[in-house]
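Computed from a prediction, not measured in an experiment: that's the story for all the values here.
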Amino acid sequence: MFQKDLLQGKRILITGGGTGLGKATTQRFLELGAEVYICGRRQEVLAATEQELRERTGGKIHSRPCDVRDPSAVEEMLGIIWAEGPLDVLMNNAAGNFLARTEELSLGAFQSVIGIVLMGTLHTTMACGRRWLAAGRGGVVLNVTTTYTITGSAYVVPSAVAKAGVQTLTRSLAVEWGDRGIRMNAIAPGPIPTEGAFSRLLPRPELAEAAKKRNPLGRFGTTEEFANLAAFLISDGAGYVNGEVVTMDGGEWLQGAGEFTALGRELTAKEWEMMRPKPKKTKE
Ligand code: COA
């Protein structure tokens with residue numbers, strides 16, 4: 001889909017790069033010539049991903065444990081990265097989520113998810129943004145949000161409010177920092193199977209089948225499709241795309257929102273026939 005050197009010379013940080021969408025995107029960016037730093041909370045997971053992807057792609061990959069909830073840990077990590085050279089791209093992928101009835105959630109549960117998703121994104125974005133602005137050089141930020149920032153969603157309320165904040169941050173800073181060469185966009189993915197997300201969001205396998213049936217394309221998205229969109233959005237070829245949130249969900253959220261969609265699917269062939277205009281009577 002892309003030329004092999006599309007991301008040659010780009011230095012990129014992907015938060016939560018050790019697993020799931022972050023790992024798949026790291027692999028794609030390495031294949032396209034980028035140098036990639038990954039961070040996450042678990043040293044052993046990062047080290048395993050670093051080794052696996054280096055062997056698989058032959059690319060330049062580095063890993064570092066960092067909890068993005070902690071602003072001083074983020075500052076320290078970026079100080080170390082910048083000592084080796086400035087980043088060109090920041091991808092805020094680290095997230096936390098689980099299904100729960102909101103009235104049963106503790107304050108700590110809200111703080112944990114909002115801390116990772118919203119505050120974590122803010123910490124890394126501010127740390128990179130300030131460095132880019134001080135040096136008078138541009139940069140690119142790619143955030144990962146979700147389709148339910150538009151609609152809200154029951155049972156994932158900490159995630160919904162945090163991701164909505166990230167979406168608003170994306171659009172706000174795209175305007176505020178755009179004149180100084182910093183582009184900021186987001187991807188809003190629908191269901192894409194990864195261990196981290198599906199173990200927390202789909203407790204029974206048959207629910208996955210029902211979710212597929214609900215999707216206009218009748219399937220889930222793939223990590224490769226996500227990584228390709230991410231590669232396009234951070235590339236120089238997308239240089240005029242700024243402040244955009246690109247939905248990638250097979251049309252799932254539109255299907256849920258359309259007033260007559262569910263009703264239309266319930267109708268039988270006979271009922272559709274009844275809805276057709278009757279042939280006009282011709283005058284004798
Ligand atoms: N339902 C309700 N509350 C939950 C919960 C669940 N399934 N899982 C965790 N919590 C609460 C805990 O009880 C705790 O509350 P407390 O502080 O009042 O005791 C709080 O959330 C933090 O939990 P903890 O186990 O300390 O988690 P953490 O902060 O280390 O991890 C999570 C963060 C909870 C988001 C965890 O699910 C995680 O690590 N997720 C990362 C991967 C992920 O979510 N991927 C999906 C992306 S779509």
Side-chain angles (χ1 to χ4, degrees), residues 1-68 73-74 76-95 120 124 127-128 131-132 135 137-144 183 185-187 189 192-198 220-239 241 246 248:
M1 182 167 172
F2 299 114
Q3 291 179 14
K4 277 280 175 207
D5 61 352
L6 182 78
L7 302 178
Q8 198 71 47
K10 299 237 183 272
R11 290 167 45 80
I12 300 172
L13 169 64
I14 303 184
T15 68
T19 55
L21 293 180
K23 181 177 172 184
T25 308
T26 301
Q27 177 173 327
R28 194 71 182 114
F29 290 179
L30 289 168
E31 288 164 355
L32 294 169
E35 177 172 3
V36 185
Y37 291 79
I38 57 173
C39 72
R41 284 176 293 170
R42 292 169 296 164
Q43 161 91 59
E44 65 290 358
V45 172
L46 291 169
T49 297
E50 181 184 334
Q51 192 184 342
E52 182 189 329
L53 295 187
R54 184 178 294 122
E55 282 168 10
R56 192 176 299 161
T57 66
K60 272 192 187 174
I61 176 169
H62 318 269
S63 69
R64 205 183 158 75
C66 177
D67 187 337
V68 292
V74 168
E76 192 191 336
M77 172 178 68
L78 287 168
I80 292 167
I81 293 175
W82 240 267
E84 293 168 2
L87 285 176
D88 301 289
V89 179
L90 164 68
M91 180 166 168
N92 287 304
N93 163 77
T124 51
C128 289
R131 283 174 170 82
W132 286 327
R137 79 193 300 285
V140 174
V141 180
L142 181 63
N143 293 326
V144 181
R183 278 198 307 124
N185 293 297
I187 299 176
I192 298 175
T194 61
E195 163 63 22
F198 273 42
F220 291 136
T222 67
T223 54
E224 290 79 13
E225 287 167 327
F226 176 88
N228 278 332
L229 178 57
F232 168 70
L233 286 172
I234 65 157
S235 73
D236 296 339
V241 182
V246 182
M248 201 204 94

ask   = Under the side-chain contact (heavy atoms from CB on, under 4.5 Å) criterion, do Arg56 and Glu31 qualify, and how do the steps go?
value = CA-CA 9 Å; Arg56 192 176 299 161; Glu31 288 164 355; 5.7 Å; no
task = Could you tell me which residues satisfy side-chain contact (heavy atoms from CB on, under 4.5 Å) with Thr19, sequence neighbours excluded, listed by chain and number?
result = Arg42, Val45
message = So Phe232 and Leu6, do their side chains get closer than 4.5 Å, heavy atoms only?
response = no
query = If every non-hydrogen atom of Ala127 is compared with every non-hydrogen atom of Leu78, which pair is closest and at what distance?
reply = CB-CD1, 3.2 Å
request  = Could you check if a side-chain atom of Arg64 sits within less than 4.5 angstrom of a side-chain atom of Tyr37, using non-hydrogen atoms only?
outcome  = no
inquiry  = For the backbone of Val241 and the side chain of Asn185, can you confirm whether one donor and one acceptor N or O come within less than 3.5 Å of each other?
reply    = yes
remark   = Here the pair of heavy atoms bringing Pro193 nearest to Gly221 is CD-O, 3.2 Å
remark   = Heavy-atom nearest pair, Lys23 first then Gly18, reads CD-O, 3.6 Å
request  = Could you check if a side-chain atom of Leu87 sits within less than 4.5 angstrom of a side-chain atom of Cys128, using non-hydrogen atoms only?
outcome  = yes
task = Look at atom CD of Gln51 and say whether more than 12 heavy atoms of other residues, nucleotides or ligands are closer to it than 6.0 Å.
result = no
task = Output yes when a side-chain donor or acceptor of Thr15 lies under 3.5 Å from a complementary backbone atom of Ala94, and no otherwise.
result = yes
query = CD of Gln43: more than 12 outside heavy atoms within 6.0 angstrom?
reply = no
ask   = Nearest heavy-atom pair of Ala231 and Phe2: which atoms, and what distance?
value = CB-CE1, 3.9 Å
query = Quick one: are Arg11 and Ile81 in side-chain contact, heavy atoms under 4.5 Å?
reply = yes
Between OG1 on residue Thr57 and CD on residue Gln27, distance to nearest 0.5 Å = 7.0 Å
key: Spacing of Leu32 atom CG and Ile12 atom CD1 [to the nearest 0.5 Å]   = 9.0 Å
query = With a 4.5 Å heavy-atom cut-off, do Asp88 and Arg137 have their side chains touching?
reply = yes
Any side-chain heavy-atom pair of Thr25 and Asn93 under 4.5 Å = no
inquiry  = As an exercise, state the distance from OG of Ser63 to CZ of Arg54, rounded to the nearest 0.5 Å.
reply    = 8.0 Å
ask   = Under 6.0 Å from the CD atom of Glu52, do we count more than 12 heavy atoms belonging to anything else shown?
value = yes
ask   = Do other residues, nucleotides or ligands put more than 12 heavy atoms under 6.0 Å from Glu44 CD?
value = yes
query = In Å, rounded to the nearest 0.5 Å, how long is the span from CD of Glu55 to CD of Glu50?
reply = 10.5 Å
request  = Please report the closest heavy-atom contact between Phe29 and Ala227, naming both atoms and the distance.
outcome  = CE2-O, 4.2 Å
request  = Considering non-hydrogen atoms only, spot the tightest contact between Val68 and Cys39 and give its length.
outcome  = CG1-SG, 4.5 Å
ask   = Going from OG1 on Thr26 to CZ on Arg28, what distance comes out if it is rounded to the nearest 0.5 angstrom?
value = 13.0 Å
ask   = Per the side chain to side chain contact (heavy atoms under 4.5 Å, CB included) rule, which among Leu142, Asn143, Ile234, Leu13 passes with Met91?
value = Leu142
ask   = CD/Glu224 to CG/Asn228 distance, rounded to the nearest 0.5 angstrom?
value = 8.0 Å
task = For the residue pair Ile61 and Leu30, establish whether any side-chain heavy-atom pair is separated by less than 4.5 Å.
result = yes
inquiry  = Side chains of Phe226 and Thr194, heavy atoms from C-beta outward: is any pair under 4.5 Å?
reply    = no
